[in-house]
Structures are given as C-alpha cells and as structure tokens.
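Okay, so here's the structure we're looking at.
None of these values were measured; they are calculated from a predicted model.
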Amino acid sequence: MNLDVHAVAGEPAIDDELSRREAHALAMGGPDKIRRRAEAGLLNARERVDRLIDPGSFREIGLLGVSSAVEADRHKTPADGKVTGYARLGGRRIAVVSNDFTVKGASSSMTNMRKIGHVKRVATERGMPIVWFGESSGARMPDNMGARGMGTMLGNDPTQYIRDRKTPWASAVLGQCFGSSAWYACLSDFTVMRKGAVLAVASHGLASLAIGQTVEPEDLGGWKLHSEKTGLIDRVVETDEEAVEEIRTFLSYLPAHCNEAPPCIEPPDERSDALRAARERITRLVPESRRQGYDVRKVIEALVDPDSYFEFKPRFGRVASTGLARMGGRPVGFVANNPMFKAGALDVDACEKITRFLVMCDSFNIPIVLLVDTPGFVIGIEGERRKAPGKIMNFMSALQLCTVPKLSIILRKSYGQAYLNMGGGRNSDEVAAWPSAEVSFMDPAYSVDVVTWGRDVGEAERERLRQQMEQDSGVFGLAEINAVQSVIRPEHTRDYLLDMLEIHIARLSKGVGQHRMATWPTTF
C-alpha cells in the first residue's frame with residue numbers, strides 16, 4: 001500500500017522533470033538565435049525536418065542528449081546540437097539527421113555522434129533512406145583535444161564512413177559544412193547546396209592560418225567551386241525550402257533500399273496531345289549535319305514522361321548530361337552526350353560524372369538509357385595530366401559491371417573507344433540507331449588525314465578516300481551483322497524505349513540487380 005502511494009505521489013514530479021527536459025531540448029539554442037536565423041531567411045534544424053516529412057510523422061531519437069565531455073556544457077547543449085530520428089516521406093519510412101547550428105555550431109561531440117551512429121545503423125539494417133541536413137562547424141573544442149579526447153571521439157565506429165549503398169543517402173549543404181558534415185555530403189548519392197553555404201575540410205579561418213594568407217569562404221568551398229569544378233554537388237538552389245524540395249524529388253525516383261525495385265507511378269496517356277507533340281518534335285531537335293550542335297537535354301525531355309527529367313550536375317562535365325526521369329511511370333537513368341559543348345567529345349569531368357551516375361543507378365536498380373552522339377574523347381595534354389586514361393577505364397568498368405538493363409541509341413555518331421563506353425557492341429543489352437547514325441574508329445574527315453599523313457596525295461584521291469570511309473561508316477553495315485539490333489526512326493524512339501524497358505525487366509530477381517559496385521568510392 002505504501003509503495004503504491006509513493007509511486008502515485010512521485011509521478012507528477014517525474015512527469016514535470018521530463019516535460020522540463022523536453023522543453024529545454026526543443027528550444028534549441030534559444031529564441032534570439034532562432035529569430036536571427038528566421039530574419040536571415042534560414043530554416044532552423046527542426047523546421048527543415050518538418051518541411052521534408054509527412055506531417056506529424058517524426059519520431060525523434062536522442063532528444064534528451066547533452067554534451068558529456070565538459071560538465072559546464074550539459075545545460076548549454078540541448079539535444080547536443082543534432083536532431084536525429086525517423087519519419088515518413090510520401091508514406092515511406094526514412095531516417096533524418098539535421099544539424100542544429102544554434103547549439104555550439106552543431107559541432108561534433110561524443111553524444112551527438114552516438115545519436116548519428118544509432119539512426120544510421122538502424123536505417124542501414126532496416127532498409128530506410130537517410131537524409132542529412134548539413135550545417136556544422138566541425139569537431140567540438142575542447143572535447144576532441146588531447147589523447148583522451150581523440151581516443152573517446154574518433155575511431156569508435158569503424159563503419160562511420162563506409163558507403164555500401166544498401167539505402168539511398170541524400171544531403172543538403174545549407175551553411176558551413178566542415179568535418180563530418182562535409183564527409184556525409186560527399187558520401188551521399190545526391191547532394192544539393194544552397195548558395196551562400198560552404199563545403200570544405202575546415203573553416204576559411206583555419207585555412208587562412210594554415211597557408212598564411214586570407215582565404216574567402218566562397219573560394220574555399222562555395223557553390224560555384226563544387227558545382228562547376230569539383231562536381232561534389234548535384235544541384236544548386238537559392239533557399240533552404242528549395243533544397244528540401246530537391247531532396248523530396250530525388251527520393252521519389254529511388255527505392256527505399258537496394259533489394260527492391262524503384263517506385264512506379266501512374267503512366268501518362270500515350271495518346272495525349274503532349275506526348276504526340278513530343279514525338280513529332282524530336283525529329284526537329286537533332287540537326288542532320290554532324291558538325292552542328294544542339295542541346296541533348298531537349299531530346300531527353302521529348303522522350304520521357306512530361307516534366308520528369310531531373311538532371312544531375314548540370315554545371316559539371318557539361319559535354320554529358322546525366323539524370324533521372326520516368327518512362328511510362330518507371331524511373332530510368334539517362335546518360336547522354338551533349339554536342340552543345342565541345343561537340344559532345346567526352347572529357348575527364350564527364351567520365352567521372354557518368355561513372356558516379358552509373359554506380360548510383362546500378363546500386364538502386366534503375367535501368368539506364370544511353371543517347372549517343374560523340375566524336376570520341378578529348379585528346380590533349382590537360383586531359384593526360386588529369387589521368388584521362390584511368391578515368392576512361394573507370395567509366396568502362398562501371399558500365400560493364402552494371403547489372404541493370406542498359407539500352408543504347410546512337411543518334412548521329414559514335415567513334416573509337418567512346419563507342420564502347422557509350423554502350424556499343426555487347427556493352428548494352430540492346431543497341432539501336434537512327435538511320436542517319438555513323439559509327440567508325442574516327443571521324444572520316446580526320447581519318448583521311450591520318451591515312452595520308454606524310455604522303456603527297458592529291459585532292460581528288462583525298463576526296464575519294466573520304467567518301468569511301470563515310471559510306472563504310474553508315475549504320476546499315478552494323479545492322480547487317482546485328483551489331484545494332486534495331487534501326488529506328490527518330491519519332492519512334494519513345495515507343496521503342498518503352499517496349500525495351502518492359503522486355504528487359506529483371507523478372508527473375510523482381511527488378512533487383514547484383515550491385516557489384518555497391519562499395520565503389522563516392523569520388524575518385
């Protein structure tokens with residue numbers, strides 16, 4: 001009797017303490033810091049989560065966590081600066097990590113790294129995508145300083161930076177992203193960056209001290225650097241809200257984990273005016289002259305379900321276009337040469353861009369369509385200095401290791417090694433070509449120069465050689481030996497792809513591939 005009375009009498013005190021701690025954690029860094037963020041047009045850590053997920057679905061993990069390294073920080077570190085947990089997005093379960101910059105700059109400490117490790121482990125083992133909202137000042141000082149700090153903080157989770165692509169990862173760089181916040185962005189399958197944010201190993205202040213000269217944040221790790229030079233960023237946006245929408249869009253194409261097929265939606269009506277117009281428009285998008293440029297993204301948009309093309313890295317490696325789209329409601333990955341830039345000749349950046357995209361598609365069971373119109377690879381000193389042969393072979397290896405369906409369509413030209421890299425021969429499950437397509441070891445005009453190099457050959461003989469090589473390069477020679485399985489008219493391309501995607505579904509494995517590149521490096 002006395003025990004029961006004691007328990008009942010104690011409940012309000014216990015409940016009051018829990019409510020107090022919850023309120024303290026939910027207040028984050030306090031009203032002043034939250035107000036300043038709002039005035040600057042920035043969402044706070046919890047607002048970012050709420051804007052992403054289905055309303056009311058967030059189950060927070062580690063809400064009552066605080067700093068454990070410095071006693072004086074226990075009451076100054078609500079949720080220890082990182083919001084972690086599970087939610088639903090479009091009805092599917094996901095895991096979320098959102099850095100709270102209002103609490104010690106969302107710096108990394110023992111407690112918050114345990115929180116991250118927990119939700120990452122659960123998401124990986126239970127098959128949930130992970131979303132990372134990056135904004136962190138890096139490692140927390142003095143928690144990490146000294147031998148004890150290092151022994152406590154670092155190296156306790158040997159799987160911390162493993163990317164085995166069991167589930168999709170999506171990241172948003174929304175402020176200063178240093179240390180682990182930068183690492184998770186680089187490890188993700190998709191990373192969006194808000195203008196004004198910075199992604200770098202360490203802060204510009206530390207970099208300035210290290211090299212003895214002032215370093216500006218934008219130069220160190222701004223959006224132009226990472227979207228145009230390094231290729232670490234897939235998309236650039238103006239606001240936090242736009243970044244959240246980009247992540248929602250990306251995940252809509254992806255399965256929850258590697259052992260299921262990508263989600264399909266209701267297909268469009270193939271008899272609709274929009275698709276009928278697109279079929280007619282495609283015949284006008286590609287000029288007959290091989291030397292005239294055009295934007296291949298317009299071709300992709302004419303082939304796919306309306307308004308479904310979601311391009312990756314549009315500012316990087318622009319001689320190629322990569323992105324996700326839908327065809328008949330099914331997610332499909334597109335890899336296309338873009339003659340609008342460098343005549344479509346593949347350079348080092350394009351090879352890396354395509355390789356990373358192939359790895360992502362294969363890891364998550366997304367079929368690949370290759371649209372081919374390239375004179376080959378860019379040749380020159382700069383490419384060799386940047387390891388062009390190695391990048392070309394990485395690209396080739398990735399293509400050959402893919403176990404998802406691969407369909408290749410030669411639009412105008414395909415020369416040399418690029419013919420193989422873009423799916424020629426047995427490197428695709430099906431190869432088709434437009435009647436105007438041309439395939440050879442190199443452009444017939446240049447091949448005449450090579451054949452006659454160092455010889456005194458008249459113009460009439462040169463013209464004869466050129467005409468002969470052009471005739472021999474026509475696509476019908478390939479069709480006669482079944483090196484292309486189909487020659488199709490441009491206006492029939494969408495119908496062909498819809499049929500072939502249906503034919504090549506991996507029925508025996510329920511649309512799931514072998515994932516032979518699951519541990520391929522995220523950058524190289």
Side-chain angles (χ1 to χ4, degrees), residues 227-228 234-237 246 249-250 253 267-347 349-350 353-354 357 361 366-375 407-414 418 422-423 432-438 475 487-498 500-501:
S227 65
E228 299 175 4
D234 293 297
R235 306 269 289 193
V236 177
V237 295
E246 294 281 274
T249 300
F250 166 73
Y253 292 94
D269 182 356
E270 292 298 318
R271 298 166 299 178
S272 68
D273 291 341
L275 286 176
R276 186 179 299 111
R279 285 177 171 87
E280 295 172 357
R281 185 168 68 253
I282 199 168
T283 62
R284 303 188 298 271
L285 291 174
V286 180
E288 290 185 9
S289 171
R290 296 191 303 273
R291 302 189 183 283
Q292 187 174 347
Y294 63 93
D295 192 342
V296 78
R297 291 171 293 192
K298 294 181 179 180
V299 177
I300 298 173
E301 289 167 355
L303 290 174
V304 303
D305 296 355
D307 302 318
S308 72
Y309 186 51
F310 188 68
E311 188 177 9
F312 280 48
K313 307 185 194 304
R315 300 170 182 268
F316 178 75
R318 294 189 296 173
V319 299
S321 183
T322 59
L324 297 172
R326 290 187 179 87
M327 295 204 70
R330 301 177 186 274
V332 179
F334 273 81
V335 174
N337 306 122
N338 196 346
M340 187 174 179
F341 304 99
K342 298 182 182 179
L346 291 161
D347 57 15
D349 288 347
K353 171 179 173 175
I354 293 171
F357 186 74
C361 287
I366 299 172
I368 296 163
V369 171
L370 301 104
L371 300 182
V372 188
D373 190 352
T374 178
L407 308 175
S408 180
I409 299 181
I410 306 171
L411 307 184
R412 286 199 309 190
K413 58 187 180 295
S414 186
M422 290 300 295
W434 288 1
S436 58
E438 180 178 273
V475 71
V487 179
I488 59 175
R489 292 176 175 81
E491 62 270 26
H492 297 164
T493 305
R494 175 177 168 88
D495 298 325
Y496 169 84
L497 287 173
L498 288 171
M500 286 301 161
L501 288 168

So, do [X] and [Y] sit near enough that their side-chain heavy atoms are less than 4.5 Å apart?
| X | Y | answer |
| --- | --- | --- |
| L303 | Y496 | no |
| T493 | I488 | yes |
| I354 | L346 | yes |
| V475 | I410 | no |
| V286 | P490 | no |
| M340 | V296 | no |

Side chain to side chain contact (heavy atoms under 4.5 Å, CB included) between L407 and L501, intermediate numbers included: CA-CA 8 Å; L407 308 175; L501 288 168; 3.8 Å; yes
How many angstroms lie between [atom1] in [X] and [atom2] in [Y], if you round to the nearest 0.5 Å?
| X | Y | atom1 | atom2 | answer |
| --- | --- | --- | --- | --- |
| I368 | S408 | CD1 | OG | 11.0 Å |
| R235 | F250 | CZ | CZ | 11.5 Å |
| E491 | T283 | CD | OG1 | 6.5 Å |
| M327 | L498 | CE | CG | 4.5 Å |
| N337 | M422 | CG | CE | 4.0 Å |
| R297 | T322 | CZ | OG1 | 10.5 Å |

[X] and [Y] ion-paired at < 4.0 Å:
| X | Y | value |
| --- | --- | --- |
| D305 | R494 | yes |
| R281 | E301 | no |
| R279 | D495 | yes |

Of all the heavy-atom pairs spanning [X] and [Y], show the shortest one and how long it is.
| X | Y | answer |
| --- | --- | --- |
| P268 | G329 | CD-N, 4.2 Å |
| P267 | G328 | CB-O, 3.4 Å |
| A343 | P375 | O-CD, 3.2 Å |
| A302 | A278 | O-CB, 3.3 Å |

With a 6.0 Å cut-off (strictly less than), is the heavy-atom count around CG of D307, excluding the residue itself, greater than 12? no
Under 3.5 Å, side-chain donor or acceptor atoms of residues 314-321 against the rest of the protein: list the pairs with distances, not counting sequence neighbours.
from : atom 1 : to   : atom 2 : distance (Å)
S321 : OG     : Y309 : OH     : 2.8
S321 : OG     : E311 : OE2    : 3.1

Would you please name every residue forming a side-chain hydrogen bond (donor to acceptor under 3.5 Å, both in side chains) with D373, sequence neighbours left out? Y294, R412, K413
Given the rule in the side chain to side chain contact (heavy atoms under 4.5 Å, CB included) test, do L324 and F357 qualify, once you have shown the distances and angles that lead to the verdict? CA-CA 10 Å; L324 297 172; F357 186 74; 4.0 Å; yes
So does F312 get a backbone contact from the side chain of D234, meaning a donor-acceptor N/O pair under 3.5 Å? no
For the side chain of K353 and the backbone of K313, is there at least one donor-acceptor N/O pair under 3.5 Å apart? yes
Residue list, ring-ring contact (aromatic ring centres under 6.0 Å, His included) with Y253, at least two apart or on another chain: none
